[in-house]
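In this text, all values refer to a predicted model and were calculated from it rather than measured experimentally.
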Amino acid sequence: MTLNVWTRWPSREALGRVGISRARRFLALFARLLVLGMLLWGVFTGSHVHGWAAAGAAVGLLAAALASWAFFRTTLDHRLRPSLALVAALMAIGAVAQLTGFRVPALVLWCGCAVVSLERLPLAAALPVASAALATYAAVDSDPWLTTAATTAGLALAGYVLRLDAEAQGQAQRLLVQERAARAAEAESAALAERARIAREIHDVLAHSLSAQLVHLEAARLLIERGADREQILQRVVAARGMARDGLSETRQALSALRGELTPLEDFLNGLVGMNDGAEVTVTGERRPLPAEASQTVRRVAQEALTNVRKHAPGARVRVRLEYGEHHVTLAVRDMGGTPGELTEAGGGYGLLGMRERAELLGGSLEAGPHEEGFAVTLKVPV
């Protein structure tokens, strides 16, 4: 961990400009212009600046500007050797400026090298570079030693504070990117879940409707094979047509439910058992609106259970009990015997499996099996 702290580069987010506010960019530009102004003032206010000296000063200033720009690019790309070479070139330009009488530009370059090294280089490389730059500055500076020491310490502190501030800015930028990615993933997950819910609703409606039609059509086929009279066969075909019409109605109800337009659950169950002779419904507990998913699950399980009764035990008395608990709602559908239907051996399909999966998606449970008088389906879902 210690090695990582000393050799770690500041992040690209910290070294770049992405996420930096307009005010901070303006402040950074102002600081650069101030430094450039100090360099220009130091170069062109000396009495010895004329002729070739002025040309040399302009070339040195241009070289320092290009080296500074290249240093910012190489540190952004985390390239250590080119970055060290460029900061060494800047310090050398400062040394040449000092030897040729341009004292102020030399001091500005050395101070700048110290600050940007602490801000943009790994600490293992930044500390030696900053120490060399500040030591050179202190050796050449003509101010009292206390002032020079305070300036040197202040520059070192400023460089490190700028580093910490850039790291904090970079961390905030990374967290923002991660949060946006998490929100996008959450939105995509919600969309997929909604699509799955819609597909499940339509599948359950069609499975129920087609299963009921299959009961009557298969019965009609068996009647035809046995040579039954026309009226019996027609009765089954008409019943299948009625189931198709009911299936369309249920599909419309499912679409309405997906839009949040649910009829009261008690009314739905009363209407459902009204289509079955010998069926009755009982509601206990404090009645209250249920979440859409829980309400739809109760409806689909009731439909599937009653379809199975018509298929496997036609004519059996059916008791539907809906119980509102404090934290759960329970639906129990029980048939009281009855004679095996013509389609008992036609195949059970996947109705019970689908009901159980639907309940488990909500954290509930479903039990189905024979009891002392017939068959029972018990659904329990949290609300």
Side-chain angles (χ1 to χ4, degrees), residues 6-7 9-10 12 14-17 25 27-46 48-49 52-143 148 151-163 165-166:
W6 288 98
T7 59
W9 281 87
R12 290 183 60 87
L15 297 177
R17 297 181 179 180
R25 291 185 181 183
L27 184 61
L29 178 61
F30 176 76
R32 293 189 181 98
L33 292 177
L34 180 63
V35 172
L36 181 61
M38 293 177 64
L39 290 173
L40 292 173
W41 178 81
V43 168
F44 295 105
T45 56
H48 61 289
V49 179
W52 288 106
V59 171
L61 183 60
L62 179 61
L66 290 176
S68 300
W69 176 83
F71 175 79
F72 276 81
R73 296 301 306 173
T74 55
T75 52
L76 181 62
D77 295 334
H78 292 176
R79 299 164 59 194
L80 182 60
R81 291 184 179 180
S83 300
L84 292 177
L86 288 167
V87 75
L90 286 170
M91 293 177 64
I93 293 174
V96 172
Q98 173 67 24
L99 293 175
T100 54
F102 298 100
R103 178 174 173 275
V104 173
L107 295 178
V108 172
L109 280 174
W110 289 329
C111 293
C113 287
V115 171
V116 296
S117 297
L118 288 171
E119 180 186 3
R120 302 180 69 87
L121 291 175
L123 288 178
L127 288 178
V129 172
S131 298
L134 292 176
T136 306
Y137 164 79
V140 175
D141 189 28
S142 59
D143 291 333
T148 301
T151 303
T152 302
L155 289 172
L157 181 61
Y160 190 67
V161 168
L162 287 174
R163 180 191 189 92
D165 181 68

Taken in chain and number order and not counting sequence neighbours, the residues that satisfy side-chain contact (heavy atoms from CB on, under 4.5 Å) with Pro82 are Thr74, Arg79

Looking only at heavy atoms, what is the nearest atom pair of Gly94 and Ala106, with distance? O-CB, 3.1 Å

Roughly how far, to the nearest 0.5 Å, is the OH atom of Tyr137 from the OG1 atom of Thr151? 4.0 Å

Got a second to check how far Leu121's CG is from Leu127's CG, nearest 0.5 Å? 10.0 Å

Could you please spell out the steps behind the side chain to side chain contact (heavy atoms under 4.5 Å, CB included) verdict for Trp69 and Leu86? CA-CA 10 Å; Trp69 176 83; Leu86 288 167; over 6 Å; no

Answer yes or no: is there a donor N or O on one side and an acceptor on the other, between the side chain of Arg120 and the main chain of Phe72, under 3.5 Å? yes

If I take atom CD1 from residue Ile93 and atom CG from residue Leu66, how far apart are they, to the nearest 0.5 angstrom? 9.0 Å

To the closest 0.5 Å, what do you measure between SG (Cys113) and CG (Leu155)? 11.5 Å

Suppose we screen for side chain to side chain donor-acceptor pair (under 3.5 Å). Which residues come up paired with Thr148, at least two apart in sequence or across chains? Asp141

Rounded to the nearest 0.5 Å, how far apart are OH of Tyr160 and CG of Leu123? 6.0 Å

Trp6 side chain to Pro122 backbone, donor-acceptor under 3.5 Å: no

What are the two closest heavy atoms between Glu119 and Pro10, and how far apart are they? O-CG, 3.7 Å

Drop me the distance from Asp165's CG to Arg163's CZ, to the nearest 0.5 angstrom. 12.5 Å

Residue pair Val140 / Trp110: nearest heavy atoms and the distance that separates them: CG2-CZ3, 3.8 Å

Against Leu134, only a single residue in Val115, Thr152, Leu118 fulfils side-chain contact (heavy atoms from CB on, under 4.5 Å); can you say which? Thr152

